[in-house]
Amino acid sequence: MTIVTRFAPSPTGYLHIGGARTALFSWLLARHAKGRFLLRIEDTDRQRSTREATDAIIDSMKWLGLDHDGEIVFQSQRIDRHNEAIDQLLAKGKAYWCECTPDQVEAMRVKARAEGRKPKYDNSCRARNLGPGSGRVVRFKTPLDGATSYLDMVKGPTSIENAEMDDMILRRADGSPTYNLAVVVDDHDMGVTRVLRGDDHVANTPKQILLYQALGWDVPEFGHVPMILGPDKKKLSKRHGALSVMEYEKMGYLPQAMLNYLARLGWSHGDQEVFTPKELVELFDTDNLGSSASVFDMKKLDWLNSQYMQAADPRDLVRPLSDFLSRIDIPDADPDVLKKAIPLLQPRAKTLVELAEMSLIFVTKSADIEYDPKAVEKFLTPESVALLREFAAELEKAPDFRPEPLEEMAKGFIEARDLKFKHIAQPIRVAITGKTASPGLFETMEVLGREETLKRMARAFQL
RNA sequence: GUCCCCAUCGUCUAGGGGUCUAGGACGUCGGCCUCUCACGCCGGUAACAGGGGUUCAAAUCCCCUUGGGGACGCCA
């Protein structure tokens with residue numbers, strides 16, 4: 001039997017880290033088994049569902065590379081089918097009409113809690129054999145005793161007393177089907193065989209299993225992935241900063257790094273830390289999913305990202321780099337310059353944002369280079385400028401502007417004057433980059449080219 | 001309040017009764033490399049929440065306590 005999984009977010013907000021991870025695990029589960037991964041948008045709450053949120057979710061998944069099979073299913077378009085199932089349940093005597101008002105039910109809950117019991121509806125309409133009527137809802141006849149058990153893919157054997165559950169509403173007074181019913185009908189119709197979702201759904205699972213059984217359908221396997229916590233060990237929330245997956249894109253993280261990080265958060269494969277998407281697909285299994293919540297650690301994400309930055313083919317970074325440069329109002333950087341600069345910056349930039357910032361020394365024209373005043377004061381002293389003028393003269397006639405010959409030349413220059421390289425390195429650096437930190441001097445010069453290098457030095461001499 | 005779940009370095013985790021004086025990774029600290037900043041390399045620091053069992057033997061199994069989390073909607 002082919003394995004079919006799904007991701008079923010409700011479009012009431014952006015796709016956040018937690019949702020992205022459950023989507024990733026479901027995707028991995030399907031791809032590993034050569035099965036199918038479906039996407040369903042649970043937009044039955046018309047008030048809170050938005051088109052923007054739907055788009056944001058789709059964009060985020062696209063960015064992460066989580067491709068889905070088949071058409072996207074919109075739950076709101078399947079209401080007739082949901083109602084059909086409810087009618088079926090009614091016909092089988094597994095559901096009944098109830099005319100208790102929300103206020104009455106609330107009173108029952110308050111009473112139950114006061115008596116130290118679990119807040120529940122008291123099933124009072126169960127025996128009344130009511131028919132349809134305005135203001136009435138349809139409730140499910142939850143078994144009064146026994147237990148509902150299943151083998152959770154991550155938690156193992158799980159069992160809940162049926163008495164813990166109340167008779168859930170299947171159809172609201174306005175005629176609309178409720179969540180648990182809709183999910184069961186949709187998952188069944190879509191042929192979903194494995195449901196991997198967030199821990200916050202554990203309480204829904206037994207209810208849904210009961211529904212499957214009442215409808216006479218095969219029950220899929222379920223698995224509940226632990227939550228992701230913030231640094232304060234509380235549920236990850238807006239307080240902890242960027243939450244939406246697309247925020248991480250904006251911060252300059254590479255999708256593969258994000259994917260890798262998310263996969264390792266709650267899942268492991270021995271001591272391995274770095275995984276290509278392909279490896280993830282090959283190696284993923286629910287057996288190695290952990291069962292405790294994990295804290296989101298930005299530092300480790302940074303490290304992983306820097307690993308991916310370093311390992312990237314420079315050519316693949318040109319496009320993203322110019323995009324990020326555009327975002328800081330530099331839309332016309334020369335791709336050839338970028339291509340040459342990238343290898344120098346790869347080991348230094350943890351994110352694309354940093355890459356863009358660091359590339360500024362290469363894409364800025366000499367006239368616009370900003371000189372760090374402190375650096376100028378410290379290194380561009382009259383003595384060092386005098387020395388640099390002599391050095392510039394040699395640069396001008398250097399036969400070969402590549403790093404090695406340049407370094408040879410510099411060596412000759414300082415030896416002739418009985419100096420150490422240290423004496424001229426920082427002055428040169430400040431003169432050609434305006435900063436005290438940069439990639440290797442000669443590599444930098446090569447990328448800048450002779451003309452630009454000399455222009456910058458000339459300008460630095462005027463400071 | 002009721003029910004459910006979870007518990008190894010600061011963080012992510014390995015570990016499935018003896019090979020655990022608990023391994024890896026991030027971070028952190030120290031060193032090396034070095035024209036700066038990084039990268040890289042080497043080394044250090046640091047954990048089985050507590051208490052009871054079971055067993056010849058427990059990080060591993062059981063119970064309790066504590067701590068954390070989640071769920072209890074005519075939301076999804």
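Letters A, B, ... are given to chains in the order of the sequence lines, protein chains preceding strands, and every chain is numbered from 1.
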Any idea which of B:C75, B:A38, B:G10 is nearest the A:Asp45 side chain?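 Side chain of A:Asp45 sits closest to B:C75.
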
Who is the Watson-Crick or G-U wobble partner of [N], with both distances under 3.5 Å?
N     : answer
B:A38 : none
B:U2  : B:A71
B:A25 : B:U11

I want to know whether A:Tyr96 and A:Phe140 have ring centres closer than 6.0 Å.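 They do not qualify: ring centres at least 6.0 Å apart.
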
Is the distance from the ring center of A:Trp267 to that of A:Phe284 below 6.0 Å?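 Between A:Trp267 and A:Phe284, the centre distance is under 6.0 Å.
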
Side-chain donor-acceptor contact under 3.5 Å, [X] with [Y]:
X        : Y        : value
A:Asp80  : A:Asn83  : no
A:Arg429 : A:Gln426 : yes
A:Asp174 : A:Ser176 : yes

Can a side chain N or O of [X] be found less than 4.0 Å away from OP1 or OP2 on [N]?
X        : N     : result
A:Arg46  : B:A76 : no
A:Ser49  : B:A76 : no
A:Lys233 : B:U11 : yes

How close or far is atom [atom2] of [N] from atom [atom1] of [X], stated in whole angstroms?
X        : N     : atom1 : atom2 : value
A:Asp200 : B:C3  : CG    : C1'   : 16 Å
A:Trp303 : B:U28 : CH2   : P     : 14 Å
A:Arg113 : B:A71 : CZ    : C1'   : 11 Å
A:Glu106 : B:C72 : CD    : P     : 13 Å
A:Ile424 : B:U36 : CD1   : P     : 13 Å
A:Leu181 : B:G73 : CG    : P     : 17 Å
A:Met227 : B:C6  : CE    : C1'   : 12 Å

What residues from residues 373-381 of chain A pass a heavy-atom cutoff of under 4.0 Å to RNA chain B?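 Result for residues 373-381 of chain A: none.
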
Donor-acceptor pair under 3.5 Å, A:Arg171 side chain vs B:C74 base: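 No, the side chain and the base share no sub-3.5 Å donor-acceptor pair.
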
Distance under 6.0 Å and angle within 45° of ring axis: A:Arg139 vs A:Tyr121: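 Cation-pi check for A:Arg139 and A:Tyr121: passes.
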
